[in-house]
Amino acid sequence: MNELELKKLWQTTNDKLEGSIVINKKNTDDITQVKVHGILGSMKPIKIFTLLAGILWVVIGIVALSPIYVNAFSEANKFFLLSASVQVLLTAIALTIYIYQLTQIYQVEIYDPILQTQKKLVQLKISTLWAARIMVLQLPVWTTFWWNETMLTERGILQWVVPIFFTIAFTFTAIWLFFNIKFENRNKKWFQLIFNGKEWTPLMKSMELLEQVEDYEG
Amino acid sequence: MDKQDQQRFFEDIIEQHKGILFKVGRAYCPDVDDRQDLIQEMMIQIWLSIHKYNNQYKISTWLYRISLNVAISFYRKSSTRAKKYTGLNEQMVETPAGDQSENERQLNLLEQFISELKEIDKALMILYLEDKSHTEIAEILGMSVSNVGTKIGRIKGKLKARFSQLIS
């Protein structure tokens, strides 16, 4: 079958099918009642919940930590204070990136050319990786919350060598992940293992799509 | 345009160009129920963008852009909206047309080939089969006219190879 025959087959068959499509007037009318949703209105409930939980976490962190800095800094356990502050700060940065990404996606025009629109959407989706990179930096502070000044002087060597070993290991892992969680490593096994849940599927698909878009632009 | 004019314009373009939505829907979504949702999402996006329609482009160019963009990306995220507007699911009713024939078999082979294509290749293939000019394809996809020629050449090569493979 040659090119012209193929096109003719496609067009005549689709014309025939098109003739059999019935548009339900009532439902067309219903669609014209649909209003533009705000960002929150177009988000899935689980995402709204995660976003609100994250904001609440940061607010509680600020409310709880601020009085310690202001009124009780000298008596406070500095390891706890620093660990908690770093954790809250990194969560706030990750949330900011996420909210920025949401607002940008919301502004993409669906009637722009395909490559332009898809590139914008997938790049924004891939910027989720930045939030993941920031979050992994929290790893070491989860091992230092309970440290205190007397640990090194009053405890046996094993009691502080083991926690310090874990902190160093977590620090190296966090830094390594921070520099290596990137689009270029999407095909590595460890990357696919980390981003292997249902919630990461759109991100992985976005990466595949970006490859296609770049191929077309190339 | 006031709201009433927009409604009339919307109904007219959906009626006149329903084939675009239908063809894109068929290419990207073989499952009939899911396709209803996809076409519904395309219609909603057309309605939500209608006040921004710029007549420097042909209406078909504008509709292809929206329906292809929705099919490629928005469809994966449309479950929230589909649940909100369940009453819209039946706005398009497909009835079987045509009988099983050699043409039908060839069409099945073609649809199988299209279903195996990646998202952007699929968009190009639909526009190529619709006999759109290279200039219009370039406007819809957002690439240079010369690049359209190159990519179509590549996809025709794939089509030829796949057809001979499927037939043999």
Side-chain angles (χ1 to χ4, degrees), chain A residues 1 3-37 41-45 47 108-119 121-122 125 201-202 205-206 208-209 211-213 215-218, chain B residues 6-7 10-11 14-15 18-19 22-23 26 40 43-45 47-49 52-53 62 65-66 68-70 72-74 76-77 79-81 85 87-88 90-98 103-104 106-107 110 118-121 123 128-131 139-143 147 151 156 159 163:
Chain A
M1 182 170 266
E3 189 183 328
L4 285 174
E5 286 171 333
L6 205 61
K7 281 184 179 177
K8 199 176 164 198
L9 172 67
W10 167 266
Q11 283 158 17
T12 49
T13 311
N14 276 305
D15 286 349
K16 204 157 43 159
L17 287 168
E18 193 182 325
S20 67
I21 303 169
V22 179
I23 303 276
N24 183 327
K25 171 85 170 63
K26 184 190 172 296
N27 291 326
T28 318
D29 289 344
D30 286 347
I31 286 179
T32 62
Q33 303 308 312
V34 173
K35 291 195 170 60
V36 179
H37 290 292
S42 56
M43 281 171 75
K44 288 183 181 171
K47 285 196 173 176
V108 170
E109 301 290 11
I110 198 70
Y111 51 82
D112 278 341
I114 313 300
L115 296 181
Q116 192 182 318
T117 307
Q118 293 305 320
K119 190 172 187 179
L121 285 172
V122 296
K125 192 76 204 161
T201 308
K205 281 187 178 168
S206 295
E208 288 170 22
L209 193 59
E211 277 180 52
Q212 292 178 47
V213 171
D215 172 50
Y216 265 76
E217 287 179 337
Chain B
Q6 281 180 4
Q7 281 175 335
F10 174 71
E11 281 162 15
I14 292 295
E15 186 53 48
K18 60 190 177 189
F22 175 70
K23 277 177 260 192
R26 255 166 72 90
Q40 171 198 290
M43 290 169 74
I44 291 173
Q45 292 300 328
W47 168 248
L48 294 177
S49 306
K52 294 183 186 167
Y53 171 64
W62 190 75
R65 283 180 177 179
I66 295 180
L68 287 168
N69 271 323
V70 171
I72 293 169
S73 60
F74 271 54
R76 285 198 288 271
K77 298 181 255 171
S79 54
T80 316
R81 176 117 56 198
Y85 299 100
L88 302 182
E90 300 301 321
Q91 78 271 31
M92 278 189 164
V93 181
E94 291 166 28
T95 55
N103 277 355
E104 196 79 12
Q106 297 282 359
L107 187 74
L110 179 62
K118 290 180 175 174
E119 286 90 342
I120 311 283
D121 282 345
Y128 160 72
L129 288 171
E130 283 296 300
D131 217 13
E139 275 180 357
I140 294 167
L141 294 182
M143 58 202 280
N147 202 5
K151 300 298 180 196
K156 270 160 62 178
L159 177 66
F163 247 64

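Labels below follow one simple rule: chain letters A, B, ... track the order of the sequence lines, proteins then strands, and each chain is numbered from 1.
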A.B. asks: Side chain from CB out, backbone as N, CA, C, O: work out which of these in B:Tyr53 comes under 4.5 Å of a heavy atom of chain A, or both, or neither.
C.D. replies: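 Looking at B:Tyr53, nothing touches chain A.
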
A.B. asks: Determine, step by step, whether B:Glu119 and A:Gln212 satisfy the side-chain contact (heavy atoms from CB on, under 4.5 Å) criterion, reporting the C-alpha distance in whole Å, the side-chain angles of both residues, the deciding distance to 0.1 Å, and the verdict.
C.D. replies: CA-CA 8 Å; B:Glu119 286 90 342; A:Gln212 292 178 47; 2.8 Å; yes

A.B. asks: Report yes if the side chains of B:Ser49 and B:Ile66 come closer than 4.5 Å at any heavy-atom pair, otherwise no.
C.D. replies: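 B:Ser49 vs B:Ile66: side chains touch.
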
A.B. asks: Can you tell me which of B:Gln6, B:Gln7, B:Glu15 forms the most heavy-atom pairs within a distance under 4.5 Å of chain A?
C.D. replies: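 Top option by heavy-atom pairs under 4.5 Å: B:Gln7.
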
A.B. asks: Go through B:Lys23, B:Glu139, B:Lys156 and name the one with the most non-hydrogen pairs under 4.5 angstrom from chain A.
C.D. replies: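 Most heavy-atom pairs under 4.5 Å with chain A: B:Lys23.
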
A.B. asks: If you look at every heavy atom in A:Lys7 and B:Leu129, which pair is closest and at what distance?
C.D. replies: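 For A:Lys7 versus B:Leu129, the nearest heavy atoms are CG-O, 3.9 Å.
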
A.B. asks: Taking all non-hydrogen atoms of both residues, which atom of B:Ile120 and which atom of A:Ile114 are closest, and how far apart?
C.D. replies: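 That would be CD1-CG2, 4.4 Å.
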
A.B. asks: If you count heavy-atom pairs under 4.5 Å with chain B, which of A:Glu109, A:Lys8, A:Glu208, A:Gln116 comes out on top?
C.D. replies: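 Ranked by contacts with chain B, first place is A:Glu109.
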
A.B. asks: Between B:Asp131 and A:Gln11, does any side-chain donor sit less than 3.5 Å from a side-chain acceptor?
C.D. replies: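 No donor-acceptor contact under 3.5 Å links the two side chains.
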
A.B. asks: Using non-hydrogen atoms only, which part of B:Asn147 is less than 4.5 Å away from chain A: side chain, backbone, both, or neither?
C.D. replies: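 Only the side chain of B:Asn147 comes within 4.5 Å of chain A.
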
A.B. asks: Taking the six-membered ring of A:Tyr216, is NZ or CZ of B:Lys151 closer than 6.0 Å to its centre and within 45° of its axis?
C.D. replies: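 B:Lys151 over A:Tyr216 ring: yes.
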
A.B. asks: Tell me, out of A:Thr32, A:Asp112, A:Asp29, who's got the most heavy-atom pairs with chain B below 4.5 Å.
C.D. replies: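 Maximum pair count with chain B is reached by A:Thr32.
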
A.B. asks: Contact part of B:Glu130 toward chain A, heavy-atom cut-off under 4.5 Å: side chain, backbone, both or neither?
C.D. replies: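 The answer is both parts of B:Glu130.
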
